[in-house]
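Here's the structure, in structure tokens; my notes come after.
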There are 2 protein chains.
Amino acid sequence: MKRKITLKQIAETLNVSIATVSKALKDSHEISVKTKAIIKKYAAEHNYRPNTVALNLLNRQTKTIAVILPTFHNNFFVKIFNGIEETANKKGYKLIVIISNGELKKEVESIAMLENGTVDGLLISLSEESQSQQYSQHLQSFIDIAGPIVMFDRVSDAITCDKIIIDDFNCAYNATVHLIKTGCKNIAIVSVLHDLGIVKDRISGYKKALEDHNIPINDKLIKLIKKEYDFETEIKTLLDYTTIDAIIGLEEFSTIETMVIAQSRGYKIPEELSFVGYTNGNLYKYVTPSVTCINQHANYIGKKATEKLIARIEEKETDTTAFETKVIKTNLIYRNSTRKL
Amino acid sequence: MKRKITLKQIAETLNVSIATVSKALKDSHEISVKTKAIIKKYAAEHNYRPNTVALNLLNRQTKTIAVILPTFHNNFFVKIFNGIEETANKKGYKLIVIISNGELKKEVESIAMLENGTVDGLLISLSEESQSQQYSQHLQSFIDIAGPIVMFDRVSDAITCDKIIIDDFNCAYNATVHLIKTGCKNIAIVSVLHDLGIVKDRISGYKKALEDHNIPINDKLIKLIKKEYDFETEIKTLLDYTTIDAIIGLEEFSTIETMVIAQSRGYKIPEELSFVGYTNGNLYKYVTPSVTCINQHANYIGKKATEKLIARIEEKETDTTAFETKVIKTNLIYRNSTRKL
DNA sequence: ATGAAAGCGCTAACAC
DNA sequence: GTGTTAGCGCTTTCAT
């Protein structure tokens with residue numbers, strides 16, 4: 001790689017001042033047509049590119065946003081990221097991407113790395129650990145010294161900032177009601193997530209739906225399976241426990257895995273056992289039977305989060321509006337893992 | 001957000017010079033223990049963080065790598081990215097991520113944005129358009145003025161740089177041989193990719209396998225379906241055309257979609273029709289029957305590409321080693337969409 | 001032990 | 001029209 005060419009070098013070879021070069025390349029009217037032509041020609045021939053780092057230093061902004069996601073092995077986050085990418089790109093922002101893998105340590109270390117002017121703001125969906133351990137001072141620290149944060153989906157109440165979430169309560173409620181209406185009475189919940197706020201909300205929505213339809217709540221039907229436990233064993237225990245006629249999976253993996261296990265045990269789906277899964281995932285469409293699911297409009301979440309963050313970054317200090325939590329509506333996509341109404 | 005605190009401000013309030021503060025915070029022996037203590041205390045209390053942008057300017061490096069991928073809606077690239085992320089992180093590099101969506105325009109624009117000191121190097125898997133249009137001057141331009149490039153999977157012969165690829169020829173060859181050995185004779189190829197080098201290699205491998213087993217080659221069995229055409233119609237045309245007993249799908253989507261269409265037409269899989277798919281994708285495991293596939297060791301590709309790039313970035317100008325193309329071995333994962341040997 | 005000065009690459013206000 | 005100067009935040013060499 002050749003050494004990058006700078007204004008200074010151009011100025012020296014052309015025997016003009018740096019300022020003249022700078023102005024000429026900006027097509028300033030202050031500079032004579034002739035000088036501009038010479039300078040521009042030289043710059044073009046030598047592939048001059050203004051050094052962004054220098055400009056960042058000068059402007060005290062980087063036009064870069066950090067994005068911290070738990071994983072990409074989840075269609076929901078991939079779609080959110082697509083929404084983020086499109087929006088950021090349109091507004092001229094670059095993205096620094098970090099995968100937390102659900103680990104608080106990674107989250108904390110990454111944020112520390114970014115707290116020094118590298119980025120103008122942060123989009124984050126919290127790691128499960130940071131929620132279970134209720135640790136959030138790294139986030140507050142970022143806000144204090146680095147810039148605005150917008151949280152999405154997996155958010156923390158401890159931090160005051162803009163948030164984009166889905167109405168987890170209502171969509172669990174609606175999913176449960178749908179199952180009840182199609183004749184299900186023993187509805188279980190299955191999840192590999194546990195310590196997240198969204199999990200609590202979903203369970204509340206589910207319970208409320210049961211209550212409203214006078215169906216007794218049985219906590220044993222709620223299986224939040226931790227990493228330490230064997231998923232298959234837990235599911236078999238659940239299926240052995242009592243007659244279950246419907247299962248709500250809180251993410252794609254649990255839903256599909258449970259369905260596969262149930263099928264291998266001879267359950268007829270949806271005749272004997274109905275399934276509703278969270279996230280409009282790829283798998284749902286292709287497995288047999290295809291799975292009724294909750295569409296969270298992930299792309300839109302990404303878009304809204306990014307728009308909000310950029311607005312915050314660019315807002316005048318004076319017109320700071322109050323932080324808001326935006327709730328994105330969800331809807332059910334009806335497929336063949338639930339009975340027809 | 002409070003205004004970030006700087007060395008200058010610390011120096012002013014503490015009535016020392018900026019240099020003293022800088023040295024004190026680096027625990028330099030030049031500074032008296034007492035002064036150091038005062039400065040460190042103040043800095044800690046005020047959450048001082050050195051400004052990375054200023055340091056980047058000074059050091060002429062950003063410890064940031066750009067990653068350009070066609071999409072994340074493809075398990076292969078998600079896994080590659082995981083490999084990249086882990087490796088980059090371990091070495092203290094940040095990642096700027098760009099999704100090209102297969103569009104040359106996005107690729108060119110993004111690279112132009114990065115050509116000015118924003119990143120130290122570039123990891124890229126080319127967009128389909130840049131391969132079909134054989135356009136690569138944006139890449140050469142990046143190498144000339146911005147830093148090293150390492151290409152992976154979808155690479156260009158026109159550019160001299162390090163490359164990490166899989167042995168597409170051999171793995172298509174092996175997949176085809178496996179099908180032949182399990183008794184298939186009319187083997188078709190289905191793909192939504194077409195103008196990529198990897199597609200040509202895969203087809204060559206497939207043809208060589210047929211030749212070696214004295215099976216006539218019929219180009220009508222190779223369906224590279226462009227976006228403009230309806231996938232389902234094309235597949236039906238193929239199935240109507242002649243008796244096909246095996247299909248190789250060049251990516252996850254084509255494989256799964258074709259299998260679903262074949263099943264809806266009553267084909268028994270693998271008894272009447274076998275399937276082998278590229279990429280060790282999520283769907284393959286969960287559909288019925290599960291799909292035999294080619295494992296490309298995506299994570300490893302990401303790891304190797306990143307290691308190579310960082311080595312290039314950090315190498316002394318003197319010990320420049322020749323550019324190399326590393327070929328990653330693949331293997332078949334046997335599942336239920338192919339007959340047993 | 002502390003500080004002044006130069007410089008990384010650039011822009012902008014202000015001379016000339 | 002063109003150049004000088006100062007400064008963005010930092011490090012480092014070279015005084016003092």
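Nothing here was measured: the structure is a model prediction, and the numbers come from that model. Throughout, a chain's letter reflects where its sequence line sits, starting with A, and its residues are numbered from 1.
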Return the value, rounded to whole Å, for the distance between atom CG of B/Leu25 and atom P of D/dT11.
8 Å

Closest contact, heavy atoms only, A/Ala88 versus A/Thr306
N-CG2, 3.8 Å

Nearest-Å distance for atom pair CD/P, residues A/Gln61 and C/dT11:
14 Å

For B/Asp153 and B/Ile165, the nearest pair of non-hydrogen atoms, with its separation, is O-CG2, 4.1 Å

Reckon B/Lys26 has a side-chain N or O less than 4.0 Å from the OP1 or OP2 of D/dC10?
no

Ion pair check, A/Lys303 and A/Glu307, cut-off under 4.0 Å:
yes

Can you pull every protein N or O that's under 3.5 Å from an N or O on nucleotides 1-4 of chain D?
unit_1	atom_1	unit_2	atom_2	d
D/dT2	OP1	A/Thr35	OG1	2.9
D/dT2	OP2	A/Ser32	N	2.9
D/dT2	OP2	A/Ser32	OG	3.2
D/dT2	OP2	A/Thr35	OG1	3.0
D/dT2	O4	A/Glu30	OE1	3.0
D/dG3	OP2	A/Ser17	N	2.9
D/dG3	OP2	A/Ser17	OG	3.4
D/dG3	OP2	A/Thr20	OG1	2.5
D/dG3	O6	A/Lys23	NZ	2.3

Separation of atom CG in A/Leu57 from atom P in C/dC8, rounded to whole Å
14 Å

Rounded to whole Å, the CG-C1' distance (A/Leu55 to D/dG7) equals 14 Å

According to a strict under-4.0 Å criterion, is A/Arg60 in side-chain N/O contact with OP1 or OP2 of D/dG9?
yes

Send over the distance from A/Leu58 CG to D/dG7 C1', rounded to a whole Å.
8 Å

Please examine the side chains of A/Ser156 and A/Met151, heavy atoms only from C-beta on, and report whether any two atoms are closer than 4.5 Å.
yes

Between A/Leu7 (CG) and C/dC8 (C1'), how many Å, whole number?
13 Å

Below 4.0 angstrom, N of the basic side chain to O of the carboxylate: do B/Glu45 and B/Lys41 qualify?
yes

B/Lys63 versus B/Thr52: any side-chain heavy-atom pair under 4.5 Å?
no

Would you mind reading off the distance between B/Leu14 atom CG and C/dG3 atom P, rounded to a whole angstrom?
10 Å

Minimum side-chain heavy-atom gap A/Glu115-B/Asn47 below 4.5 Å
no

Between P of C/dT11 and CG of A/Asn59, the distance in whole Å
9 Å

Identify which nucleotide among D/dC8, C/dG9, D/dG9 has an atom closest to any side-chain atom of B/Lys8, counting heavy atoms from C-beta outward.
D/dC8

Hey, can you tell me if B/Phe72 and A/Phe81 have their rings parallel, tilted or perpendicular (30° and 60° cut-offs)?
perpendicular

In short, the helix from C/dA1-D/dT16 to C/dC16-D/dG1 is bent end to end, axes from five pairs each side, to 10°, by 60°

Any salt bridge between B/Glu324 and B/Lys308, counting N to O under 4.0 Å?
yes

